[in-house]
2 protein chains.
Amino acid sequence: MDLSERKLRILQAIVGDFIRSAEPIGSRTLSKKLDMGISPATIRNEMSDLEEMGFLTHPHTSAGRVPSDKAYRLYVNNLMQKYELPEEEKQIIAEKLTKNVSELDRTIQHAATLLSELTNLTSFAITPSQESNHLRYVNFLPVDESTVVLMIVTESGRVTNTAIKIKTSYKEENLSLLSKVMTYNYKGKTLSDILTHDIIRNFETDIEAMSRLVETIRPNFISTLENMLNVDLFMDGVTNIFSIPEYNDIGKAKVFLEMINKKKHFTDVLVRRDNGVIITIGNENQEDLMRDCSLITATYHIDGKLVGKLGVIGPTRMKYDEVTSIIEYITDNISQTFKITGGEEKDE
Amino acid sequence: MDLSERKLRILQAIVGDFIRSAEPIGSRTLSKKLDMGISPATIRNEMSDLEEMGFLTHPHTSAGRVPSDKAYRLYVNNLMQKYELPEEEKQIIAEKLTKNVSELDRTIQHAATLLSELTNLTSFAITPSQESNHLRYVNFLPVDESTVVLMIVTESGRVTNTAIKIKTSYKEENLSLLSKVMTYNYKGKTLSDILTHDIIRNFETDIEAMSRLVETIRPNFISTLENMLNVDLFMDGVTNIFSIPEYNDIGKAKVFLEMINKKKHFTDVLVRRDNGVIITIGNENQEDLMRDCSLITATYHIDGKLVGKLGVIGPTRMKYDEVTSIIEYITDNISQTFKITGGEEKDE
DNA sequence: GCTTAGCACTCACTTGATAAGAGTGCTAAC
DNA sequence: GTTAGCACTCTTATCAAGTGAGTGCTAAGC
């Protein structure tokens, strides 16, 4: 059986309506809404065909029809129209993301918050893996007699500090010398290289005082680098699911919450996804617990190279057009903001 | 009417049982459980007295009795026994909080996570207000031709960085000079003084290149300081409320979530609370939306001075003894970890 | 005078039956 | 191919009756 133009229009109407209302839609209502001069009975016949083809289901004999995952897929691929973001929203996004060129983490967190506010869905963002990020320099700053701050800056401009407690006293000169030596040694190497290739462990010095200092600092340096390699997961709008009828059932809500609360697992799922804007609908998701959900993710770039991800998770009934546009716009903005070496002047 | 020893024991049993089960408790059950050789009828009489005195209510004529806020207050003040944390939990806490002397924010966030895991409640933590925190030094670090990192370190050892985009080129010497000049000017002053007393605005220089640099940097410096004065709120275990029978009703859960999602308002409420371990039960809370909840907060200290807060929010039916002990233990640990100038050697 | 057994009473909750409503599927006519 | 009509299905709401937990009161017992 072929998908006639009329079938497509009917299907589109059903998907569109269901996305808005979350209610199964019947032939009578649809007949009125479509305004094509076809009777409910005809629509019933068409619906019946569509159901046979796997685009529709109905929860029980006498409920209206509901789109299947396959229908959403068709909708996303062919039927969906480009959604143009309102100028107002664009402005909000640009403003919130670029106003303060603050630390990466904070910006990404902002982005997640923004995304959940604009979509009314649960949003998430993961920071880029820094495996291929190159170290730019290491700096030790004295704070007081027993505390030193270790600062690591990468090529992409990411800064990390860790406070280190030093048991025995140290001299500022040694600290500053150590900073220089370590920077000299590690500059230009990737973080994972520094960690994995035993470079740290081979770092020795023959000056007595320095070597004691190195001993204290080494574990902190290692764990800081390890931390930097970690991918952070931010989430926001988790409680938005309660305004979604699908999750009015406390049991379902719980399952959803449990799923996204397994942060480690969830992060892995996100990391594994391909780059670019990716939509996975219901059954297309590998994970059992996500079979009821759709996931939209997009990637942003730091310094044109490092890649992080941003996205939403929600019911399969989702405003795919709108959400996709919002995510794309936000990721574009982040990439723009963190285009560090591009050197492009921003005109304000 | 007086609270006889027997009344107290009965009340204690009711509170204890209700904290565990969340079910109204009847006279028969209680008679068996108490094992004092008094019949249900007697207990009914006592219960009736207790109800008259305001310690109990019952939701409807033929339900068991339920403790009132007043009963919880009595329980917390007089009946509750000191809860001794299992050694195992103590170890977990100490380990997780002191293992990496990392940045304050991260540690506080860890603490909140830990707290919610140990109590199965919703936990929160606010970072100290830094109003009275003194600036130690300012540093500008070149990243690339158009990016500079502004780093501010306070007396208490808190470090903040912000990346600043510089439109026109700059010289490294100027940057380093500016760092020194600003540090010289601001060192020892409190953050709020620097901000409010117009000190920043009066900061001028007669060197041409420098003054251009200052212009670019000033707004960033100001907003960074402002950011540092903000109190951050962390939360964890928000979804724990779904394992609490009181919130099995989706409507109630929603109200709860809405309340704690008004982060600004919620932060204010926390900031206003007194220092030390504070328990507020149900109606004792000022905020309407919290009248169904109990709140336990405690304070931790940074450098012996700055004060942050940590606590949980949950149903009035709460394991006050256990939760209080856990919170105290965690705040003690944080205070210990961040006792910066104490100079006490830690033996490991 | 405190304690207790007994009993009527109350009220929430469950169950089953019934009715209403929405929507389909089929058939026959256009 | 399209449509009207009608029987049929299935959900949801409503109501009544039954059940059970628990109370409050009264009168008897210690």
Side-chain angles (χ1 to χ4, degrees), chain A residues 1-11 13-14 17-18 21-68 71 245-246 248-250, chain B residues 1-11 13-14 17-18 21-68 71 245-246 248-252:
Chain A
M1 206 181 318
D2 240 11
L3 269 174
S4 67
E5 183 63 29
R6 193 170 69 182
K7 279 194 174 59
L8 273 180
R9 262 190 82 178
I10 290 177
L11 188 55
I14 295 178
D17 195 89
F18 190 73
S21 70
E23 301 278 317
I25 181 164
S27 52
R28 240 181 81 83
T29 331
L30 194 57
S31 160
K32 273 185 274 176
K33 190 158 289 178
L34 269 177
D35 206 23
M36 290 167 72
I38 40 179
S39 78
T42 313
I43 295 197
R44 278 206 287 283
N45 287 333
E46 295 284 39
M47 277 174 155
S48 178
D49 289 350
L50 284 168
E51 181 157 357
E52 208 181 314
M53 296 160 82
F55 291 110
L56 298 177
T57 27
H58 52 292
H60 57 268
T61 348
S62 80
R65 297 307 211 286
V66 165
S68 67
E246 274 88 336
N248 254 344
D249 171 30
I250 203 111
Chain B
M1 204 180 321
D2 239 12
L3 268 174
S4 67
E5 182 63 30
R6 194 171 67 183
K7 279 196 175 55
L8 275 180
R9 263 192 79 179
I10 290 176
L11 187 56
I14 294 178
D17 194 88
F18 190 73
S21 71
E23 301 279 317
I25 180 164
S27 52
R28 239 181 83 83
T29 332
L30 193 58
S31 160
K32 274 184 272 174
K33 189 160 289 178
L34 269 177
D35 207 23
M36 290 165 72
I38 40 179
S39 77
T42 314
I43 294 196
R44 277 207 289 282
N45 289 332
E46 296 284 40
M47 278 173 154
S48 178
D49 290 350
L50 285 168
E51 181 158 358
E52 207 180 314
M53 296 160 81
F55 290 111
L56 298 177
T57 28
H58 52 294
H60 58 267
T61 346
S62 80
R65 296 305 210 289
V66 165
S68 68
E246 275 88 337
N248 254 344
D249 171 30
I250 203 111
K252 274 197 165 185

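Letters A, B, ... mirror the listed sequences (proteins, then strands); counts begin at 1.
B:Leu3 places a side-chain heavy atom less than 4.5 Å from the side chain of B:Phe55.
Distance from the side chain of A:Ser39 is smallest to D:dT3 among C:dC11, D:dT3, D:dG24. When distances run from any side-chain atom of B:His58 to the nucleotides D:dA4, C:dT4, D:dT23, the shortest one goes to D:dT23.
Atom CG in B:Asp49 sits about 11 Å away from atom P in C:dT3, given to the nearest Å. Computed from coordinates, the A:Glu23 CD to D:dT11 P distance equals 15 Å when rounded to whole Å. Rounded to whole Å, atom C1' of C:dT24 lies 16 Å from atom CD of A:Glu46. Distance CZ (B:Arg6) to C1' (C:dG1): 12 Å, rounded to an integer number of Å. Rounded to an integer number of Å, the gap from A:Met47 CE to C:dC26 P is 15 Å. One can place CG of A:Asn45 at 10 Å from P of C:dC26, the figure rounded to the nearest angstrom. Protein atom CG of B:Leu30 is 13 Å distant from nucleotide atom P of C:dT4, rounded to whole Å. Distance B:Glu51 CD to D:dC25 P: 11 Å, rounded to the nearest Å.
Shortest non-hydrogen contact noted between A:Glu46 and A:Ser4 is OE2-OG, 4.4 Å. The minimum heavy-atom distance between A:Arg44 and A:Ser27, with the atom names listed, is NH1-OG, 3.0 Å.
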Donor-acceptor list for residues 28-43 of chain B side chains, cut-off 3.5 Å, not counting sequence neighbours:
{"unit_1": "B:Ser31", "atom_1": "OG", "unit_2": "B:Ile38", "atom_2": "O", "d": "3.1"}
{"unit_1": "B:Lys33", "atom_1": "NZ", "unit_2": "B:Asp17", "atom_2": "OD1", "d": "2.6"}
{"unit_1": "B:Ser39", "atom_1": "OG", "unit_2": "B:Ala41", "atom_2": "N", "d": "3.3"}
{"unit_1": "B:Ser39", "atom_1": "OG", "unit_2": "B:Thr42", "atom_2": "N", "d": "3.4"}
{"unit_1": "B:Ser39", "atom_1": "OG", "unit_2": "B:Thr42", "atom_2": "OG1", "d": "3.2"}

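The structure places CZ of A:Arg9 at 8.0 Å from CD of A:Glu5, a figure rounded to the nearest 0.5 Å.
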Shorter than 3.5 Å, N or O on both sides, protein versus nucleotides 13-22 of chain D: list them out with atom names.
{"unit_1": "D:dG22", "atom_1": "O4'", "unit_2": "B:Ser62", "atom_2": "O", "d": "3.3"}
{"unit_1": "D:dG22", "atom_1": "O3'", "unit_2": "B:Ala63", "atom_2": "O", "d": "3.3"}

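Ionic pairing of B:Glu246 and B:Lys252 is not present here: no N-O contact between side-chain nitrogen and carboxylate oxygen is shorter than 4.0 angstrom.
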